[in-house]
Amino acid sequence: ENVIINTENITLKGPNAGVAGDSDQRGSEALINNTNADTGGAISIVSPGVTVDGLQIESDAQDGISVSEPVDNVTLQNNRITSVEGLGTFGSNNGNRATGNGIAFGLPRDTSQTTVTGAVIKDNVIAGVSTTDLSESEDRTTANGIQVLTRQHTVEGMEITGNVITELEAGTSGGTGDKRARGIVVNVGSDGGTIGAADGFTIANNDISEVTGAGGFSDATGLGLFEAGGAAGDNQSRVGPENFIVTDNEFDDLTNNGKDPAPAIFVGGIQTLGESHSVTQNQIDDGSIVRFAGEQPGFNPATADALNADGNTFTDANADLYYADATDAADLNAVVNNNTFEPNVVVGTRAITRPRTSGEVLNVDQGTSFDSIQNAVDNATAGNTITVGSGTFNESVTIDVEGLTLKGADGASSTIIGQDSVAVTSTAPNVEIADLRIENPDGSRAVRVTGNATGVVIQDNTVTNVNTNNDA
């Protein structure tokens with residue numbers, strides 16, 4: 001059945017009320033099983049002061065438990081949400097979408113802006129969230145453990161603590177969308193004119209694992225904090241969660257097919273994070289921490305807040321990327337000193353990555369690996385650092401990316417052997433070329449800087465075996 005709670009101050013208790021969802025002390029369960037895919041969830045809450053405690057919940061519909069009105073003092077605790085199938089679909093501009101949420105705190109657009117307080121989501125188990133498959137002509141699929149969508153409303157002081165979230169994988173996405181999966185997602189939204197807010201959230205002691213998605217960089221993530229991007233513009237900064245505390249969470253087994261590594265914690269293009277925000281004491285056994293900082297309307301990396309991150313532990317020896325924050329205020333050397341990285345890492349200008357291997361070309365800001373130097377340059381953005389592992393690279397390279405640093409990883413043991421009249425050409429300003437061995441036996445120049453490329457630094461290279469008699 002689908003249970004709708006529309007009376008204030010109701011407590012719905014199961015036989016395991018007061019016993020955490022993952023406790024081995026739980027007894028027989030009371031199961032609420034919603035087999036109607038066209039309803040919102042197995043339990044739908046539309047009144048304030050409601051507590052749901054100690055139940056087992058399964059749902060063929062979009063949600064296990066849903067809060068769909070801006071109501072105060074809702075507590076969801078000690079429940080086991082063991083299956084959400086997400087079999088229904090809903091329309092979008094790009095075609096049908098399918099979504100599954102273990103718990104959805106999704107506030108409506110069709111009510112006046114209000115402030116919601118007193119929400120608590122704690123000590124639940126959420127496992128097995130999926131969706132129906134979509135056809136090629138349809139849009140995206142999404143599977144979330146816990147989703148908070150403010151729209152134009154303000155949500156203050158929500159506590160999301162002690163939850164175990166696992167086995168999230170949406171069905172096949174349509175041709176126009178992505179296949180998203182997120183353990184916990186907090187998304188500030190708008191009603192087209194009024195932007196909401198999520199202030200002072202505590203997200204602590206959650207265990208998030210087995211999250212599988214495919215598509216964009218943040219389409220599979222353990223914890224995602226996102227902004228109201230569509231409402232931003234030249235006169236409106238991007239607004240997202242502020243003054244959040246993210247602490248003592250554990251992340252493991254996160255997979256973004258085609259876009260690995262999946263972020264364990266992703267903080268979007270939010271201009272102001274708030275003075276009291278922090279990301280601390282989290283255990284990152286798989287994935288990375290990413291503070292998105294790309295140029296886009298309403299977001300300026302030069303003035304945006306850097307992420308306050310300390311005391312976190314990174315253990316994944318196979319990761320390419322561990323940490324990224326491209327705001328001007330970010331200090332990645334301090335991040336390395338204030339967090340524990342069990343593998344060896346390399347600090348770039350925007351990211352902390354693994355060291356490159358012999359013969360590998362690594363963009364240390366993107367955490368991406370390439371088989372040629374030119375391919376790495378072609379995929380770089382302004383200000384990136386590319387390191388070249390020891391080995392020989394038979395290619396000529398043209399650098400047309402402003403502020404790019406190209407350097408050998410191990411002194412001058414990285415060798416470029418030019419295949420044209422010039423081995424390395426810089427056509428962009430403020431480029432640095434360093435710590436390389438450059439040869440060009442069949443050409444006339446090792447390095448060439450064009451007239452428009454000002455501020456180029458060429459240092460600590462070994463130049464040899466250049467055919468100066470070949471006036472190419």
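In terms of the ring-ring contact (aromatic ring centres under 6.0 Å, His included) criterion, Phe370 has no residue partners (sequence neighbours excluded). Looking at residues two or more places apart in sequence or on another chain, you find no side chain to side chain donor-acceptor pair (under 3.5 Å) involving Thr115. With sequence neighbours excluded, the residues satisfying side chain to side chain contact (heavy atoms under 4.5 Å, CB included) with Glu402 are Pro429, Asn430.
Checking Asn34 against Thr39 by side-chain atom types alone, a donor-acceptor pair falls below 3.5 Å. No side-chain donor from either of Ser68 and Ser66 sits under 3.5 Å from a side-chain acceptor of the other. If you check the side chains of Asn205 and Asp248, you find no donor sitting under 3.5 Å from an acceptor. Counted by atom type alone, Ser83 and Glu85 present one or more donor-acceptor pairs between their side chains at under 3.5 Å. A donor and an acceptor atom, one from each side chain of Gln77 and Asp53, are located under 3.5 Å apart. Donor-acceptor pairing under 3.5 Å is recorded for the side chains of Asn379 and Asn375. A donor-acceptor pair shorter than 3.5 Å can be found between the side chains of Thr166 and Ser209. Asn363 and Asn384 share a donor-acceptor pair across their side chains, judged by distance under 3.5 Å alone.
Separation of atoms OG (Ser28) and CG (Asn16) is listed at 8.0 Å; rounding is to 0.5 Å. Here Asn282 contributes atom CG and Asp310 contributes atom CG; the two are 10.0 Å apart, rounded to the nearest 0.5 Å. Distance CG/Asn96 to CG/Asp139: 8.5 Å, rounded to 0.5 Å. From Ser173, atom OG reaches atom NZ of Lys179 across 7.5 Å, with rounding to the nearest 0.5 Å. Note that the CG atom of Asn101 and the CD atom of Gln147 stand 4.5 Å from one another [nearest 0.5 Å]. For the atom pair CG of Leu12 and CD1 of Ile43, the computed distance is 5.5 Å after rounding to the nearest 0.5 Å.
Between the side chain of Glu69 and the backbone N or O of Ser47, no donor-acceptor pair lies under 3.5 Å.
The aromatic rings of Phe292 and Phe299 lie tilted to each other, with the angle between the two planes from 30° to 60°. Ring geometry, Tyr323 versus Phe314: the interplanar angle exceeds 60°, so the pair is classed perpendicular (tilted spans 30 to 60°).
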Give the intermediate values and the outcome of side chain to side chain contact (heavy atoms under 4.5 Å, CB included) for residues Val116 and Leu107. CA-CA 10 Å; Val116 176; Leu107 303 184; 4.1 Å; yes
Worked check of side chain to side chain contact (heavy atoms under 4.5 Å, CB included) between Ile81 and Ile65: CA-CA 8 Å; Ile81 301 172; Ile65 303 175; 4.1 Å; yes
side-chain hydrogen bond (donor to acceptor under 3.5 Å, both in side chains) for Thr315 and Asp285? Distances and angles first, verdict last. CA-CA 5 Å; Thr315 67; Asp285 293 324; 2.7 Å; yes
After noting the C-alpha distance and the side-chain angles of Thr212 and Asn257, does the key distance pass the side chain to side chain contact (heavy atoms under 4.5 Å, CB included) rule? CA-CA 8 Å; Thr212 303; Asn257 292 313; 3.8 Å; yes
Working for side chain to side chain contact (heavy atoms under 4.5 Å, CB included), residues Arg109 and Gln152: CA-CA 7 Å; Arg109 287 193 178 95; Gln152 73 272 22; 4.3 Å; yes
Please assess Asp219 against Arg182 for the test salt bridge (charged side-chain N to carboxylate O under 4.0 Å, His left out), listing each intermediate value before the final yes or no. CA-CA 7 Å; Asp219 283 343; Arg182 291 153 178 172; 3.3 Å; yes
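At least one side-chain heavy atom of Val279 sits under 4.5 Å from a side-chain heavy atom of Asn312. Side-chain contact between Thr381 and Val401 is absent, with no heavy-atom pair separated by less than 4.5 Å. Using a 4.5 Å cut-off on side-chain heavy atoms (C-beta onward), Val188 and Ile195 make contact.
Contact check on Arg151 versus Asp191 returns no salt bridge, with no Lys/Arg side-chain nitrogen under 4.0 Å from an Asp/Glu carboxylate oxygen. With respect to Arg80 and Asp22, no salt bridge is recorded, no charged nitrogen being found less than 4.0 Å from a carboxylate O. A salt bridge links Asp320 to Arg354: one of the charged nitrogens lies within less than 4.0 Å of a carboxylate oxygen.
Here the closest heavy-atom approach between residue Thr132 and residue Thr89 is recorded as CG2-CG2, 3.9 Å.
Checking Thr82, Asn79, Ile103 one by one against Ile126, the side-chain contact (heavy atoms from CB on, under 4.5 Å) holds for a single residue, Ile103.
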